[in-house]
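All chains are named by letter (A, B, ...) in the order of the sequence lines, taking the proteins before the strands, and each is independently numbered beginning at 1. Note that this is a predicted model, so its numbers are computed, not measured. When reading the values below, keep in mind they use all heavy atoms of this one structure, side chains included, and skip hydrogens, waters and symmetry mates.
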Amino acid sequence: MHSRLSREFYQQDVLKLAKALLGKVFVRIDSGKRLAGMIVETEAYLGIPDKAAHTVGGRQTIRNQSMWEDGGILYVYFTYGMHHCMNVVAQQSNEPVAVLIHALEPLEGLRSMYPRRNAARKDQQLCSGPAKLCQAMNISKDQNGIDLVTNTNLWIEDHQIKVSGKQIASGPRIGVQYAQDWADKPYRFWIKDHCCVSK
DNA sequence: AGAGTGATCATG
DNA sequence: ATGATCACTCTC
């Protein structure tokens, strides 16, 4: 029960993975405490052709190196001088595609999330955005490049929560207006009517 | 609707 | 070396 997701799971097509991760449970051991949240919103970044992706045109930089690694590696980046965002790398090495974790429903360790989330007044505000959930789960560039298949402090579990295709909504990704013809592609996925998706 | 914040990137 | 940008969040 509650088995950890395997390498093969992460190596599937990035759009399929973005949908398959909905309902899975992200687990983080932070200072010996278990933090957990169910993934309720994701965004797929399709790599070299994707004008919204950090790896557009085959860009390979120090920042995005993790995206070039094998499926199951974590890609954490820092932006706007303030925020961290967390991605799960999909497919195979040298296919620089990833799924941005956009929102979680907090399940365990809420008491230790609140002090890091000054603006949060309700549980559903703790992890309802890509940078919010990194703050709540205490994720920073220190976790960039870790392997979710083998790491002892960070992984994703299957709790056998069934999310059917009917429960999944899709729409344009957030914050990628600059991406021209890729800006409107419906690569954002969320669980319909879930209280913890980003606003 | 606007500010905050500094790493990152392309250019040269 | 420099300047523009940014897969965001908060408060007004």
S.K.: Please determine whether a side-chain nitrogen or oxygen atom of A/Tyr77 lies at a distance below 4.0 Å from atom OP1 or OP2 of C/dC8.
M.R.: no
S.K.: Find the distance A/Met82:CE to C/dT5:P and express it as a whole number of Å.
M.R.: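 Interatomic distance, CE of A/Met82 to P of C/dT5: 17 Å.
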S.K.: Counting side-chain heavy atoms from CB outward, which of C/dA7, C/dC8, C/dC10 is closest to A/Ile174?
M.R.: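 Among the listed nucleotides, the one closest to the side chain of A/Ile174 is C/dC8.
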S.K.: For the base of B/dG6 and the side-chain ring of A/Tyr80, does the geometry meet a stacking cutoff of under 5.5 Å between centres and under 30° between planes?
M.R.: no
S.K.: Under 4.0 angstrom, heavy atoms only, what part of the nucleic acid is A/Ala52 near: base, sugar-phosphate, or nothing?
M.R.: base
S.K.: Please confirm whether the ring centroid of A/His84 lies under 6.0 Å from the ring centroid of A/Tyr77.
M.R.: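 Ring-ring flag for A/His84/A/Tyr77: false, centres at least 6.0 Å apart.
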S.K.: Is A/Lys141 near enough to B/dT8 that one of its side-chain N or O atoms lies under 4.0 angstrom from OP1 or OP2?
M.R.: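 Yes, within the criterion.
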S.K.: Which is true for A/Arg117 with a 4.0 Å heavy-atom rule: it touches a base, it touches only sugar-phosphate, or it touches nothing?
M.R.: sugar-phosphate
S.K.: Return one dot-bracket line describing DNA chain C 5' to 3' (Watson-Crick or G-U wobble pairs, both distances under 3.5 Å; ( ) same strand, [ ] crossing, | another strand, . none).
M.R.: ||||||.||||.
S.K.: Pick the closest DNA chain B nucleotide for A/Arg59 and for A/His83 by heavy atoms, then say which residue is nearer the 5' end.
M.R.: A/His83
S.K.: Any base atoms under 4.0 Å from A/Arg173, or only sugar-phosphate, or nothing? Heavy atoms, all strands.
M.R.: nothing
S.K.: Does a donor on one side chain and an acceptor on the other come within less than 3.5 Å for A/Gln12 and A/Gln91?
M.R.: no
S.K.: May I have the distance from A/Leu133 (atom CG) to C/dA7 (atom P), rounded to whole angstrom?
M.R.: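 In whole Å, C/dA7 P lies 16 Å from A/Leu133 CG.
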S.K.: Answer with base, sugar-phosphate or nothing: what part of the nucleic acid does A/Thr61 contact at a heavy-atom distance below 4.0 Å?
M.R.: sugar-phosphate
S.K.: Does the side chain of A/Lys51 get closer than 4.0 angstrom to OP1 or OP2 of C/dA7 through an N or O atom?
M.R.: no
S.K.: With nearest nucleotide decided by heavy atoms, which residue, A/Val176 or A/Gln125, maps closer to the 5′ end of DNA chain C?
M.R.: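 The residue whose closest nucleotide sits nearer the 5' end is A/Val176.
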S.K.: Across the strands shown, which category fits A/Asn118 at heavy-atom distances under 4.0 angstrom: base, sugar-phosphate, nothing?
M.R.: nothing
